[in-house]
Trainee: 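Just passing along the structure, written as structure tokens.
Each ligand, and each atom within it, is numbered from 1 in the order the structure gives. Just so you know, these numbers come straight off a predicted model, no measurement behind them.
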Amino acid sequence: MKRWIAVFLAAALMLGGCAREEKAAQRTIWAMDTYMDLKIWGGDGEAAAEQIAGLLEELEDDWSATWQPSLLARLNRGELTSLPREKQAVLDRAEALSARTGGAFCPKLGAVSRAWGFYGQQYRVPAPAEVEAALAQEQWDLGAVLKGYAGDRAVEILSGLDVDRAVLNLGGNVQTFGEKPDGSPWNIAIRDPESWGTSAAVQVRGTASVVTSGSYQRCFEENGVRYHHILDPETGYPADSGLEAVTVICRDGMTADALSTALFVMGLEKAAEFWRQSDDFEAVFFLTDGRVVATEGAALYGCEFEVISR
Ligand code: ADP
Ligand code: MG
């Protein structure tokens, strides 16, 4: 059975043939608990990479759920009564995305993730009463949108620095910026984790965000049962929706990230209906039975899949 997992950067499939290859500014960073790769062409790419590295640090300082001095951790401990306007705006957007998804994306599952030991990889199965109590605590956790939001903020930096184009792999969230000189689309690969080979890809044009949420990304096994980190906000247990992973393609990074998590929780049927009622994203669904289903605008290639249309 094929399992398609994790979006990663297929490299900025570069100018072919005899075209002269322009040198990119390149940087690998460890941030938000994952490796991130920045590749930036034209303009002052080095300055852009430097500023994006700074941005990632700043976002972690503000929004880490696990680093005790962070703004978010202080907010969760009741130590802050208000936030600066631009920081409050991030929480407001998260609330709006939660409302849009009927609560499937829920930025207040912090205590529940902690109860399962997903913070610090202290994995354990909590008792039902503990899960209930953790749900009621409504502790902020922006883990499902932070990398997407970082992509949006990085695009602001790139736009301000006269950069031609860029591909940022923010730990599985791929953010593209600008157009390739030959006008061809960006190819963002989807790989099969069992072989670590490239098995499928999506094509996007211009500035876009390609985000995958997968149950394999953080999980553990106890007594033969696999528990993963994407939680159903209604139960506080790992979402058991028949999906292995969901990839979302969207112009807005924070939206892409929230939706990849939300659609995973919803499961294929509800998610397809949600897509029909929206006009700002496309999605690819990787089912636990090995099937792959893509919305009609997803521009998926390289694997067998079914298409859902409006
Ligand atoms: P990843 O962080 O692996 O890229 P996601 O974007 O799907 O994957 O985010 C999952 C993280 O979001 C979890 O580790 C947890 O911190 C938090 N989370 C889990 N379930 C939900 C949910 N239903 N809504 C919002 N956040 C969630
Ligand atoms: Mg997400």
Trainee: Below 4.0 angstrom from a heavy atom of Lys147, which ligand 1 atoms are there? Numbered from 1 as shown, please.
Mentor: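 Answer, ordered by atom number: 1 (P), 2 (O), 4 (O).
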Trainee: Parallel, tilted or perpendicular for Tyr237 and Trp116, by the 30°/60° rule?
Mentor: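 Rings of Tyr237 and Trp116: perpendicular, over 60°.
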Trainee: Is Arg27 salt-bridged to Glu50, cutoff N-O under 4.0 Å?
Mentor: yes
Trainee: Look at Arg276 together with Glu273 and state whether they make a salt bridge at an N to O cut-off of under 4.0 Å.
Mentor: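 Salt bridge present between Arg276 and Glu273.
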Trainee: Ignoring angles and geometry beyond distance, decide whether Tyr119 reaches within less than 3.5 Å of ligand 1 through its nitrogen or oxygen atoms.
Mentor: no
Trainee: Strictly under 4.0 Å, does any heavy atom of Ala258 approach an atom of ligand 1?
Mentor: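 Ala258 does not count as a contact of ligand 1 under the 4.0 Å cut-off.
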Trainee: Answer yes when Lys108 and Glu95 have at least one side-chain N-carboxylate O distance shorter than 4.0 Å, and no when they do not.
Mentor: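 Salt bridge present between Lys108 and Glu95.
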Trainee: Any N/O/S atom, backbone or side chain, of Ala258 lying under 2.8 Å from the Mg ion (ligand 2)?
Mentor: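 No - counting backbone and side chain alike, Ala258 has no N, O or S atom under 2.8 Å.
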Trainee: Only heavy atoms of Ser113, strictly under 4.0 Å: list the atoms of ligand 1 that pass.
Mentor: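 With Ser113 as reference, the close atoms of ligand 1 come out as 15 (C), 16 (O).
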Trainee: What atoms in ligand 1 come closer than 4.0 Å to a heavy atom of Pro233?
Mentor: 23 (N)
Trainee: If I compare all heavy atoms of Leu300 with all of Ala200, which pair ends up nearest, and what's the gap?
Mentor: CD1-CB, 4.3 Å
Trainee: Is ligand 1 less than 4.0 angstrom away from at least one heavy atom of Arg218?
Mentor: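 Checking ligand 1 against Arg218, which is what was asked, there is no heavy-atom contact under 4.0 Å.
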Trainee: Before moving on, can you tell me the angle at the Mg ion (ligand 2) between the OD1 atom of Asp257 and the O atom of Ala144, to the nearest 10 degrees?
Mentor: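 Centred on the Mg ion (ligand 2), the OD1/O angle is 70° (to 10°).
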Trainee: Would you say the side-chain atoms of Arg124 pair up with the backbone N or O of Ala115, donor to acceptor, closer than 3.5 Å?
Mentor: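 Yes: the side chain of Arg124 pairs with the backbone of Ala115.
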Trainee: For Asp257, take its heavy atoms, then give the atoms of ligand 1 lying under 4.0 Å from any of them.
Mentor: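 Reading through ligand 1 atom by atom, the close ones are 6 (O).
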Trainee: Do any N/O atoms on Leu231 end up under 3.5 angstrom from N/O atoms on ligand 1?
Mentor: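 N/O-N/O distance below 3.5 Å exists for this pair.
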Trainee: Could you tell me which atoms of ligand 1, counted from 1 in the order shown, lie closer than 4.0 angstrom to a heavy atom of Val265?
Mentor: 23 (N)
Trainee: Non-hydrogen atoms of Phe105 versus ligand 1: any pair closer than 4.0 Å?
Mentor: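 Heavy atoms of Phe105 do come under 4.0 Å of ligand 1.
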Trainee: Does any N, O or S atom of Asn173, backbone or side chain, fall under 2.8 Å from the Mg ion (ligand 2)?
Mentor: no
Trainee: Less than 4.5 Å apart, side chain to side chain, heavy atoms only: is that true for Asn76 and Gln137?
Mentor: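 SC-SC contact between Asn76 and Gln137 ruled out.
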Trainee: Check ligand 1 against Gln217 and write out every atom of the ligand that is under 4.0 Å from a heavy-atom position of the residue.
Mentor: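 Those atoms are 1 (P), 3 (O), 4 (O), 8 (O).
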Trainee: Answer with yes or no whether Gly172 contacts ligand 1, where contact means a heavy atom under 4.0 Å from a ligand atom.
Mentor: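 Per 4.0 Å heavy-atom rule, Gly172 does not contact ligand 1.
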Trainee: Check the pair Ser260, Ser213 against side-chain hydrogen bond (donor to acceptor under 3.5 Å, both in side chains), reporting the backbone distance first and the verdict last.
Mentor: CA-CA 5 Å; Ser260 70; Ser213 282; 2.8 Å; yes
Trainee: I'd like to know if Asp289 and Arg291 make a salt bridge, using a cut-off of under 4.0 Å between side-chain N and carboxylate O.
Mentor: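 Yes, this pair counts.
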Trainee: Classify the ring geometry of Phe264 against His228: parallel below 30°, tilted from 30° to 60°, perpendicular beyond 60°.
Mentor: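 Because their plane-to-plane angle is over 60°, the rings of Phe264 and His228 count as perpendicular.
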Trainee: Any chance you could lay out the side chain to side chain contact (heavy atoms under 4.5 Å, CB included) test for Leu91 and Trp63, step after step, and finish with the verdict?
Mentor: CA-CA 10 Å; Leu91 299 184; Trp63 304 116; 3.7 Å; yes
Trainee: Is there a side-chain contact between Leu263 and Phe281 (heavy atoms, below 4.5 Å)?
Mentor: yes
Trainee: Is the closest N or O pair between Ala104 and ligand 1 shorter than 3.5 Å?
Mentor: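 Such a contact does occur with ligand 1.
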Trainee: Output the list of atoms in ligand 1 that are nearer than 4.0 Å to some heavy atom of His229, sorted by atom number.
Mentor: 1 (P), 3 (O), 8 (O), 10 (C), 13 (C), 14 (O), 19 (C), 20 (N)
Trainee: Which atoms of ligand 1 sit under 4.0 Å from any heavy atom of Leu109?
Mentor: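 Within the 4.0 Å cut-off of Leu109, ligand 1 contributes 20 (N), 21 (C), 22 (C), 23 (N).
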Trainee: Nearest heavy atom to atom 11 (C) of ligand 1 wins, so pick from Ala144, Ser213, Gly148.
Mentor: Ala144
